[in-house]
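Taking it in order: structure first as structure tokens, then the write-up.
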Amino acid sequence: MIDWRAIDTVLLDMDGTLLDLHFDSHFWLEHLPRRYVELHRLDAASQEDIRARIISEQGTLNWYSLAYWSRELGVDIVALKREVQHLIGLRSDALDFLTWLKQAHPRVVLATNADRESLALKLPLTGLEDFLDAIVSSADVGVPKEAQEFWFALQEVEPFDPARTLFIDDNPAVLESAREFGIRHLLGIKQPDSRRPERDLEEFIALDRFASILPGERPDDQQDQEGRA
Ligand SMILES: [Mg+2]
């Protein structure tokens with residue numbers, strides 16, 4: 001599926017791609033609304049309002065900014081995240097994939113909408129940094145990946161040839177933005193959140209396991225299918 005000889009750079013999203021999105025889904029939609037009403041002594045029904053307010057910022061830089069939400073909601077978002085940090089973890093075979101990339105040595109760059117506070121929380125808990133040549137956060141750039149300006153700015157700080165770049169991201173709107181910019185090899189993720197159902201993306205191939213794009217490493221189920229054929 002991927003001709004690795006044609007790839008110089010691998011751009012990787014973090015949440016929902018390398019890391020299980022369950023932490024973020026749970027934090028933003030369950031834990032934060034619940035703790036917000038507790039801390040502000042509001043009635044439980046206000047949780048719904050806060051959820052709607054959070055979701056209304058989706059896809060904007062605010063949505064990804066912990067400082068923004070701490071200010072807006074009058075709570076310490078980082079401290080609240082730490083309450084459920086045991087849910088932060090790598091997706092199924094992400095570690096194997098990163099290990100393979102490290103020895104295959106294309107340039108590996110984390111291209112994330114997570115802000116620096118999110119990174120400061122998640123990187124030490126997951127060990128991702130050992131596998132990355134660079135980390136570019138849209139918060140540093142000033143625009144999210146959904147916007148074309150992000151890709152131009154990324155290329156300024158981390159030059160890459162779009163025709164020889166693979167980008168993997170669980171967010172179809174972001175993949176669309178990368179495609180518009182001209183990145184040639186694009187892959188989505190079938191199950192970003194381990195507690196939610198798999199989904200297919202209409203416009204992009206969605207990966208089940210990273211192993212399926214590694215040369216010479218055939219997923220067990222594929223071997224089984226071929227064995228039976
Ligand atoms: Mg993501």
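Keep in mind that the numbers below use all heavy atoms, side chains included, and drop hydrogens, waters and symmetry copies. Every number for a ligand or one of its atoms is a count from 1 in the order of the listing. In this text the structure is predicted, and so the values were computed from the model without any measurement.
The two atoms that bring A111 and K145 nearest to each other are O-NZ, 2.8 Å, heavy atoms only. Minimum interatomic distance between F150 and P144 (heavy atoms only, all atoms of both residues): CB-O, 3.3 Å.
For the 3.5 Å distance criterion, the side chains of D96 and T99 fail to qualify, holding no donor opposite an acceptor. For the residue pair T17 / D169, no side-chain donor-acceptor distance below 3.5 Å is found, with atom types taken as modelled.
Excluding waters, the protein N/O/S atoms found under 2.8 Å from the Mg ion (ligand 1) are D13 OD2, D15 O, D170 OD1.
We find that R5 and D3 are joined by a salt bridge, their nearest charged nitrogen and carboxylate oxygen being less than 4.0 Å apart.
Inter-residue side-chain proximity for V174 and E146 is flagged as met; some heavy-atom pair is nearer than 4.5 Å.
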